[in-house]
Amino acid sequence: MNFLTSPSQKFELPKRIARLGELATNLWWSWHPEASHVFGRLDYDLWERLGHNPIRLLNEVGRARLNKMAKDKEYLEQYDTLFHKFDAYFSKETWSQKSHADLKNPIAYFSMEYGLHETLPIYSGGLGVLSGDHLKEASDLGLPFIAVGFMYAQGYFSQRITEDGWQEAVNNPLRFEHLPVSLVMKDGKPVTVSFDFPDRKLTAQIWEVRVGRVPLYLLDSNVEGNSDYDRLLTARLYWSDLDRRVMQEILLGIGGVRALRVLGYDPAVWHMNEGHASFLTLERIREQVAVGVAFEEAIQATRKQNIFTTHTPVPAGNDEFPLWLIDKYLSYYWADMRLTREQFVEIAKHHTPHGETYSMPILALKLSGGSNAVSELHGEVSRDMWKFLWEDRDVNDVPIQHVTNGVHTRNWMARRIYNLLEKYLGETWYDNLDDHQLLEKIDQIPDKELWGVHLHLKRKLSFYLKERVRDRWTHGGFHPVQVVASGVLINPYALTIGFARRFATYKRASLVLSDVERLFELINRPNQPVQIIFAGKAHPADDPGKKLIQQVYRTVKKAETGGRIVFIEDYEMNLARYLVQGVDVWMNTPRRPYEASGTSGMKAAINGVPNFSVMDGWWCEAYNGKNGWKIGEEKKYASNEEQDALDAESLYTTLEHQIIPKYYNRDPRDLMSADWLAFMKESMKTVIPQFSTRRMVKEYVQKFYIPAFNK
Ligand SMILES: *Cc1c(COP(=O)(O)O)cnc(C)c1O
């Protein structure tokens, strides 16, 4: 292709270690902990202080230090080993080449957000982390894969909690020269795509991020020629006003297809991660209509290659737009498609109690050859929710399958756990991580070794929390009670429960607090202390979510917690890594069946942290009685109140009679509970192979990508 990318960053490095610059600009480094190590060794303090940003590190560490390391024999050995791996990664034969050599044209993946690394905050939560993990795995498997999203100039907000527990949003404009992004150029000018609204033209430029082998293209509307209003369009994730929201989705779906075309791609599969990108189906039809194909035939010609993944089990959670907004922005467009307004609206029309709307999931469901939910239970819920679109069919025949989510193992597994598996499962275990039989060998890891690694990770979490508090305290404006609420009294040897996720009301963060007297009594028993670590953001426009944080925070501040219940500000991928690796139990209490899948529990389990969860989403499929505990029953309840009360009772009873006794049934000599270690190992054995993106992406290949290729 005749395109150049113009990197936003520059390096001046000693020749001998100059490839660190190359490494810093390919996110490959972010899921290979040995690479972080090679950066970190340049200056650990600075590495932590810069929030693991290798580009800034290389620019700020200073020439003297770089020169010194460029002569350090031991460092150079590590450096060479690392680059040997790095080069081998790109040259070795991949799974895709071996098993699916016929897959040539790329699979194009569209998502509103990507959680790749904490230094690139273009994600808000689970949906983004899933897309990020999907790209990393697609790269590992060697699939021909490209992706489209947005370069949000302000990133997602950082969270601050006031003394009274109110969430404040801090926006941090991103500095592109600190990020692993390159502007796509041609003939010395940025490559752009545009879309004609009836009253103006919207233009966007394109940034490229390298995710191993996979290029991710990020659209950015902050370009000359756009109005000030339009320049801000891609500044933030999920504007709450629908006007901007619909414009964003037009840019993602339609602009995204145009971007790939300008770049010379001819994808064989178009995968929409959630309904935000559904407009891409229309753009592909329009392309056909433009060369003379009739509308109905254009649908037939493009449909089979579209794949739609839905994540939202509640009708209200789905994106839909009032028709006047569709008129406002798309009235030129339907003319381009040679459709009347009625025909255009008909494609995605949703009759709701508030009138007719234009529904993004309906658009995707109608125009996709394959659709899927993200867990088995969510598949049932989705078929039921959308069955009205297929009135002549039985609910079981509604064409929505499921592919249960997974997590990228290397990305979320602690380096020491990984090394332990390498030691006991063999050097090539990672190539076969979805082989259940191989994972059975986890039983051969001596309890003492696994426990030793786990305790190390718990201490690491506890130090990390303290350093964060020190920083906040030093900078002022932090009340002493907030210091305690942020985890300074956390004891790395006590049973520790983690609860971290978006604060949406259906996730019921306060379920464990529904009877605080009982809880305080439970956690403060002599010799059996229990700690609970909360973290999570609410969407800035979600007041009920923010009130929930406040309710939790007000409880956290009470002296009766003994400093054992804490709330950690600003949940993001870095904090998530510390938490899922460094607690003893991962708790999840959604109101069933509203958790489509959930993935944080998988991240915990692969690190030997058992789950304690409502039987919802992925946990229904994973729970076997020996790898964690369940909360409540697998059934429908008469009312939310009844469900909440019964689930709370189940939670307290299980905690008191099963979890606490098992943990503290410790051998007095080594303070280790063999029963507990059996649960840790069972978690790893059952979750690593099954709930990995390795299994997940392969399943997408078999069930969806291959059939779409063979259109
Ligand atoms: C994994 C992850 C999530 C998603 O967790 P759920 O269990 O699906 O709620 C959200 N935010 C961050 C930062 C994560 O790492």
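One is the number of the first residue; the rest follow in order along the sequence.
Note on Lys685 versus Glu682: salt bridge recorded, some NZ/NE/NH1/NH2 to OD/OE distance being below 4.0 Å. Ion pairing of Asp647 with Arg592 is absent here, as no side-chain N (NZ or NE/NH1/NH2) approaches a carboxylate O to less than 4.0 Å. Ion pairing of Lys328 with Asp243 is present here, as a side-chain N (NZ or NE/NH1/NH2) and a carboxylate O approach within less than 4.0 Å. Remark: Glu287 engages Arg261 in a salt bridge, criterion side-chain N to carboxylate O under 4.0 Å.
One side chain, Tyr700 or Asn372, offers a donor N or O that lies under 3.5 Å from an acceptor on the other. A donor-acceptor contact under 3.5 angstrom links the side chains of Asn627 and Thr686, judged on distance only. For the 3.5 Å distance criterion, the side chains of Ser131 and Ser111 qualify, holding a donor opposite an acceptor. If you check the side chains of Ser639 and Glu642, you find no donor sitting under 3.5 Å from an acceptor. For the residue pair Trp412 / Asp133, a side-chain donor-acceptor distance below 3.5 Å is found, with atom types taken as modelled. In this model, a donor atom of one side chain and an acceptor atom of the other lie less than 3.5 Å apart for Glu274 and Thr312. Side chains of Tyr238 and Glu113: a donor on one and an acceptor on the other come within 3.5 Å. When only modelled atom types and interatomic distance are considered, Tyr265 and Tyr217 share a side-chain donor-acceptor pair under 3.5 Å.
The residue from Val381, Asp616, Asp384 that alone fulfils the side-chain contact (heavy atoms from CB on, under 4.5 Å) condition with Pro313 is Val381. Evaluated for a ring-ring contact (aromatic ring centres under 6.0 Å, His included) with His134, the options Phe110, Tyr114, Tyr109 yield exactly one hit, Tyr109. Shown are Ile497, Val583, Val687, Leu579; of these, the side-chain contact (heavy atoms from CB on, under 4.5 Å) with Val609 is made only by Val583.
Between Phe691 and Trp618, the distance separating the two ring centers is shorter than 6.0 angstrom. For Tyr329 and Phe195, the gap between ring centers reaches or exceeds 6.0 Å. Centroid-to-centroid, the aromatic rings of His271 and Phe704 stay 6.0 Å apart or farther.
Looking at Ser692 and His408, their side chains never come closer than 4.5 Å, going by heavy atoms from C-beta outward. Side-chain atoms of Asn318 and Met385, non-hydrogen and from C-beta on, do get closer than 4.5 Å to each other. Between Met360 and Glu320 the shortest side-chain heavy-atom distance does not fall below 4.5 Å.
A cation-pi contact links Arg501 to Phe499, judged by a cut-off of 6.0 Å to the six-membered ring centre and 45° from its axis.
Sorted by first then second residue, the ring-ring contact (aromatic ring centres under 6.0 Å, His included) pairs that include residues 341-363, not counting sequence neighbours, are Trp334-Phe344, Phe344-Tyr358, His350-Phe388.
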